Amino acid sequence: MAEENLESEAESSAIAAFTLAQFAFWGLIESGIISTEKASDMLEQGIAAHSKGDLTNRKAAQMLQTILDMVQRDKRSPVN
């Protein structure tokens, strides 16, 4: 039972951390600190790196792909 609680807590922490990172990344784009083009490049690099790893890394690549899809749908003007 204690092991299940620790696993559940670890999973919950990972989900919360990913969500916060997603918000922070999106905030950088919205504030114009990075362009959507730069964000796309960064995400593509992360996807490429993680897609070659184990199951956990491949799942991370899938999550990053979801964020990349969101970024590429965004129609903001490029930042100079």
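On a predicted model such as this, the values are computed, not experimentally measured, just so you know.
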Interatomic distance, CD1@Ile47 vs CE@Met42, rounded to 0.5 Å, equals 12.0 Å
Verify side chain to side chain donor-acceptor pair (under 3.5 Å) between Asn5 and Glu9, making sure each step is shown before the conclusion. CA-CA 6 Å; Asn5 286 339; Glu9 189 171 322; over 6 Å; no
If you round to the nearest 0.5 Å, how far is CD1 of Ile15 from CE of Met63? 7.5 Å
Gln45: what forms a side chain to side chain donor-acceptor pair (under 3.5 Å) with it, not counting sequence neighbours? none
Give me each pair satisfying side-chain hydrogen bond (donor to acceptor under 3.5 Å, both in side chains) with a member in residues 50-61, each pair once, sequence neighbours excluded. His50-Asn57, Asp54-Asn57
List the steps, then state whether side chain to side chain contact (heavy atoms under 4.5 Å, CB included) holds for Trp26 with Ile67. CA-CA 9 Å; Trp26 197 254; Ile67 306 306; 5.6 Å; no
Indicate yes or no for a side-chain donor-acceptor contact from Ser8 to the backbone of Glu4 under 3.5 Å, with no hydrogens or angles considered. no
Looking at CD1 of Ile29 and OG of Ser40, how far apart are the two atoms once the value is rounded to the nearest 0.5 Å? 7.5 Å
If you measure from CZ on Phe25 to CD1 on Ile33, what distance do you get to the nearest 0.5 Å? 11.5 Å
Shortest non-hydrogen contact from Thr36 to Val71? O-CG1, 3.6 Å
